[in-house]
S.K.: 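Please see the structure below; I have some questions.
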Amino acid sequence: MITLSIKHSIAVTDMEFIKELQRQQSAMIRTAYKAASNGLSEKDVRAHVTTRFSGQLDSWFIQSAVKKGMGDFKSDQELKKSHRIYGGKYFFKARAKGKITNEEWKARRLQPLYPIGESHRNGNRKFEFDNEMIIFKPYKGKYRDWE
């Protein structure tokens, strides 16, 4: 895996769009984790997530969310953890006691966008990088480039 750190600037409207994508995919990841913990196969988990979140994100974001959610579950199984609290145990307890607001709790639960790359596609389907620009293609017909 290669991690790139690139200086960039994003407009506020673009950041809101990305936050919405994060919100949708985070819910898919949590749903995939829960479905995997109920003993469903990857095929059944994908069908469940696709049905529940139809029309929100494209199939590659769904596939990436299923892989992430199932991977988190398998990791927890190997570590003999019974469950996972997305957003953290500390903040979960703080929310239960009313020390943080519901909006703060929801912000803590957001996962980073998780688009899986592929070797036969020379990297990631959703991002293209060159020396001066990052091109993000969230779904067909929509793309955004950042310098």
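This structure is a prediction, so every number in the text was calculated from the model and none was measured. Numbers for residues simply follow the sequence, beginning at 1.
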S.K.: What salt bridge (Lys or Arg N to Asp or Glu O under 4.0 Å) pairs are there with at least one residue in residues 51-67, not counting sequence neighbours?
M.R.: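 Counting only pairs at least two positions apart or across chains, the salt bridge (Lys or Arg N to Asp or Glu O under 4.0 Å) contacts touching residues 51-67 are Glu42-Lys67, Asp58-Lys126.
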S.K.: Please, which pairs that meet salt bridge (Lys or Arg N to Asp or Glu O under 4.0 Å) have at least one residue in residues 77-92, sequence neighbours excluded?
M.R.: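 Salt bridge (Lys or Arg N to Asp or Glu O under 4.0 Å) check on residues 77-92 returns Asp72-Arg84, Asp76-Arg84.
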S.K.: Which residues satisfy the salt bridge (charged side-chain N to carboxylate O under 4.0 Å, His left out) test with Asp44, sequence neighbours excluded?
M.R.: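 Checked Asp44 against salt bridge (charged side-chain N to carboxylate O under 4.0 Å, His left out); zero matches.
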S.K.: Tell me, do Ser64 and Gln25 make a side-chain contact under 4.5 Å, heavy atoms counted?
M.R.: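 Side chain of Ser64 against side chain of Gln25, heavy atoms only: contact under 4.5 Å found.
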S.K.: Can you see which heavy atom on Met70 is nearest to which on Ala36, and at what distance?
M.R.: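 Minimum heavy-atom separation between Met70 and Ala36: CG-CB, 4.0 Å.
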S.K.: Please list all pairs passing the ring-ring contact (aromatic ring centres under 6.0 Å, His included) test where one or both residues lie in residues 36-77, with sequence neighbours left out.
M.R.: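 Sorted pair list: Tyr33-Phe73.
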S.K.: Same hydrophobic cluster for Ile29 and Val49, using side-chain heavy-atom links shorter than 4.5 Å among ILVMFWY?
M.R.: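 They do not share one cluster, since no chain of ILVMFWY contacts under 4.5 Å joins Ile29 to Val49.
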S.K.: For Arg23, which residues count as a side chain to side chain donor-acceptor pair (under 3.5 Å) partner, sequence neighbours excluded?
M.R.: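 Only Glu20 meet the side chain to side chain donor-acceptor pair (under 3.5 Å) criterion with Arg23.
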S.K.: Under a single-linkage definition using a 4.5 Å side-chain heavy-atom cutoff for Ile, Leu, Val, Met, Phe, Trp and Tyr, are Ile62 and Leu21 assigned to the same hydrophobic cluster?
M.R.: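 In one cluster: yes.
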S.K.: Rounded to the nearest 0.5 Å, what's the gap from CD on Gln63 to OG1 on Thr50? Could you check?
M.R.: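 Nearest 0.5 Å value for the CD-OG1 distance: 8.5 Å.
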S.K.: With rounding to the nearest 0.5 Å, note down the distance linking CE in Met28 to CD in Gln24.
M.R.: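 Going from the CE atom of Met28 to the CD atom of Gln24 covers 6.0 Å.
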S.K.: Backbone N or O of Gly71 within a donor-acceptor pair of the Ser75 side chain at under 3.5 Å?
M.R.: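 Not at all, since once roles are kept as given, no pair shorter than 3.5 Å links the two residues.
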S.K.: Who are the salt bridge (charged side-chain N to carboxylate O under 4.0 Å, His left out) partners of Glu104, not counting sequence neighbours?
M.R.: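 Salt bridge (charged side-chain N to carboxylate O under 4.0 Å, His left out) list for Glu104, sorted by chain: empty.
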S.K.: Search all heavy atoms of Ala32 against all heavy atoms of Ala65 and return the closest pair with its distance.
M.R.: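 Scanning both residues completely, I find the closest heavy atoms to be CB-O, 3.9 Å.
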S.K.: Nearest 0.5 Å please: distance from the CZ atom of Arg30 over to the CD1 atom of Ile85.
M.R.: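 The distance works out to 12.5 Å.
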S.K.: Following the transitive rule for hydrophobic clusters with a side-chain heavy-atom cut-off under 4.5 Å over Ile, Leu, Val, Met, Phe, Trp and Tyr, establish whether Phe136 and Met15 coincide in one cluster.
M.R.: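 Phe136 clusters together with Met15.
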S.K.: Considering only heavy atoms from C-beta outward, does the side chain of Leu110 approach that of Lys106 to under 4.5 Å?
M.R.: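 Contact flag for Leu110/Lys106 side chains = no.
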S.K.: Are there over 12 heavy-atom neighbours, none belonging to Tyr86, within less than 6.0 Å of that residue's OH?
M.R.: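 Buried by this count: over 12 neighbours within 6.0 Å.
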S.K.: If hydrophobic clusters are built by linking Ile, Leu, Val, Met, Phe, Trp and Tyr wherever their side-chain heavy atoms come under 4.5 Å apart, do Val66 and Tyr114 end up in the same one?
M.R.: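 Each belongs to a different hydrophobic cluster.
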S.K.: Could you tell me whether the side chain of Arg95 reaches within less than 4.5 Å of the side chain of Asn102, counting heavy atoms only?
M.R.: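 Side-chain contact under 4.5 Å: yes.
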